[in-house]
Amino acid sequence: MAMHERESQVPQIELVIDQTPDKLAENQRGTVMIFKDFISPILERFHAGYFRISLSLCSQALLWKTLGEPSEDAHAFRRMLRMLPSTAFILLWSLALFALVSLSLLYMLKCYFLFDMVKSEFLDHVGVNYLFAPWISWLLLLQSTPFFTAKAPYYFVLWWVFVVPIIVLDVKIYGQWFTKGKRFLSTVANPTSQLSVIGNLVGARAAAEMGWKESAICMFSLGMVHYLVLFVTLYQRLSGRNCLPSMLRPVFFLFFAAPSMASLAWDSISGTFDNPSKMLFFLSLFLFLSLVSRPALFKKSMKKFTVAWWAYSFPLTVLALSAAEYAQEVNGSIAHVLMLFLSALSVLVSLALMVFTALNTNLLLPTEDEILSPIIGSSAAADAIASTPTRESQVPQIELVIDQTPDKLAENQHGIVMIFKDFISPILERFHAGYFKISLSLCSQALLWKTLGEPSEDAHAYRRMLRMLPSADFILLWSLALFALVSLSLLYVLKCYFHFDMVKSEFLDHNASLAWDSISGTFDSPSKMLFFLSLFFFLSLVSRPALFKKSMKKFTVAWWAYSFPLTVLALSAAEYAQEVNGSFAHVLMLFLSALSVLVSLALMVFTALNTNLLLPTEDEILSPIIGSSAAADAIALTPTV
């Protein structure tokens, strides 16, 4: 009986095993078909430009929160706005959160299933700038949250989560602007490039709300310096061509979004809407008036609804936010009327865009989308470097005297000329001002050691540790720097006398935070901004080792160019650490100081081991300055009769 029951159970087990693969395969085929027929077409047409929607909604939430905040001595118009129900703000914030989460999930799916298209978007001149949009949206939503304050630990953690991708994109994109040939700013600049600036400014404002003034100044300086360069490039149309298709003309509104956000960021950093914030606000207001007075510019883009229309809303909302802060500062009727007008305009534009989007859902994902169309153009041709003609050498005059003197004197002078011709002249011909990199490095190292050893009040423990270094080391380093500088100066004086034509050709060839610190007497905000900018450039360069790969194959005196900038950066870090007196700042100072010292020592060792390479026969450093025939003409010492 037991055997009969056991045998009856066996077919049931075999039946389950036989049916499971078929059922699993059928389910998988159904999932694949759903993805292929429904999800995949959406992901293929979806791109980062759709985050314009979240930018608009999140900035609207921040505007409503700002207008509803209580303030002392509020104007009557401001008190009227506080009567708006808080439920409306909660509803708007929830809608912005839902839209942002939905768009983020769609883009994550695209990154997983269609990574090649995301990579192509990253390589596109327009599409890469919209990769900042999701992080800007999250930061705006974070600043407008009604559930916790800026001092909460959640705010701190989320700020880091949203800011780190912006910094990574900064290093990648800004670094390409000045290091990569085909991606120079003048060839890739377009109005959407201002989103990278806005990302830094939004991060700076969020950091200032937390009370992190140093981080806020850091991000503000990165954004504003690159904004100035970008604004001039776009204003002068240095690319020499139309960078955008007509359907993307609404992104021109980003021209006044950047200075508006800059005024808000500086307001949060300084604690008041002072003169710099007002100047930026007035600039954005002027750019806004310049654009709205030219409706023909947007005529073609308004013929058919596209998601690019959402580019109107975010800049208007940021301008309204800046106007709200300005009105609160001056507390005048005209300022509050301007605030009400811009706020109402931004709300109406956002509502109109929602209605148009709801009525044209079939146009949201068009088959042919011009938003990611590549920008056509070629890089400018390189300028030819013309060689400077040499004039008659002064050396033959010596030989003219030799022929007219007595035999003994002529023989002595002939020996001197031979010594000069065989030994000194080849050195002078190969020597150039680039060798002063050595003295720059040693002298800056001496200044660094002196700065680190100076007594100061309330010095940090790390700073007191550095004072224990023996003063004899500093005297030795200073003496070495003096010897190197005097030797190089004498060599160059001799070259100016005997080879003036080469010096003339060299002349015709095509450290600001410390200076401002000395002028102002303190390492204040301008000094900090310049220091953070130099720190960013340092990170941008060291993250591209391939850029220096060819130059490191063989030792040249050009290697000394690494030392001086590192030492000046370490000097700036030392002044910054003394000002803020924090552990992180002093660790940064120690790291940069140690790095500059190690690089200088390594260069001394390499120079000592490669003295035969110090004055190469074919020096590439002078090749752009003088022609090959000029060097031969300078060597010749033709006697005259």
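Fair warning: this is a prediction, and the values are worked out from it, not measured in the lab.
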**OP:** Apply ring pair (Phe, Tyr, Trp, His ring centres under 6.0 Å) to the pair Phe253 and Phe298, showing each step before the final yes or no.
**Re:** CA-CA 11 Å; Phe253 270 45; Phe298 309 97; 5.5 Å; yes
Identify all side-chain donor-acceptor contacts of residues 152-168 below 3.5 Å with residues at least two apart in sequence or on another chain.
unit_1 : atom_1 : unit_2 : atom_2 : d
Trp159 : NE1    : Gly203 : O      : 3.2

Counting only pairs under 3.5 Å, give me each side-chain donor-acceptor contact of residues 254-263, with atom names and distances, residues two or more places apart or in other chains.
unit_1 : atom_1 : unit_2 : atom_2 : d
Ser260 : OG     : Phe256 : O      : 2.6
Ser260 : OG     : Ser284 : OG     : 3.1
Ser263 : OG     : Ser260 : O      : 2.6
Ser263 : OG     : Ser322 : OG     : 2.7

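Contacts of Thr145 classified as side chain to side chain contact (heavy atoms under 4.5 Å, CB included), with partners at least two apart in sequence or in another chain: Trp93, Phe147, Phe148. Taking Ser196 as the reference, Tyr174 meet the side-chain hydrogen bond (donor to acceptor under 3.5 Å, both in side chains) condition, with sequence neighbours excluded. Applying the ring pair (Phe, Tyr, Trp, His ring centres under 6.0 Å) test to Phe341 and every residue at least two apart in sequence or in another chain returns nothing. Among residues two or more places apart in sequence or in another chain, the side chain to side chain contact (heavy atoms under 4.5 Å, CB included) test is passed with Leu109 by Leu43, Phe113. Partners of Leu103 by side chain to side chain contact (heavy atoms under 4.5 Å, CB included), not counting sequence neighbours, listed by chain and number: Phe46, Tyr50, Phe51, Ile53, Ser54. Among residues two or more places apart in sequence or in another chain, the side-chain hydrogen bond (donor to acceptor under 3.5 Å, both in side chains) test is passed with Ser94 by none. For Phe286, there are no ring pair (Phe, Tyr, Trp, His ring centres under 6.0 Å) partners, not counting sequence neighbours. For the side-chain hydrogen bond (donor to acceptor under 3.5 Å, both in side chains) test, residues two or more places apart in sequence or in another chain that qualify with Tyr107 are Glu121. In this structure Ser120 satisfies the side chain to side chain contact (heavy atoms under 4.5 Å, CB included) test with no other residue, sequence neighbours excluded.
Annotation: Leu105, atom CG; neighbour count of heavy atoms from other residues, nucleotides and ligands within 6.0 Å is above 12. More than 12 non-hydrogen atoms from other residues, nucleotides or ligands lie less than 6.0 angstrom from CE of Met302.
Not less than 6.0 angstrom separates the ring centroid of Tyr130 from the ring centroid of Phe122.
At a threshold of 4.5 Å between non-hydrogen side-chain atoms, the residues Leu57 and Met354 count as touching. In this structure, the side chains of Phe314 and Leu140 come closer than 4.5 Å at one or more pairs of heavy atoms.
Listed by first and then second residue, the side chain to side chain donor-acceptor pair (under 3.5 Å) pairs that reach into residues 208-229 are Glu209-Ser268, Glu214-Lys528, Glu214-Tyr576, sequence neighbours excluded.
By the 30° and 60° cut-offs, the orientation of the rings of Phe305 relative to Phe356 is parallel.
A donor-acceptor contact closer than 3.5 angstrom is absent between the side chains of Ser144 and Trp64.
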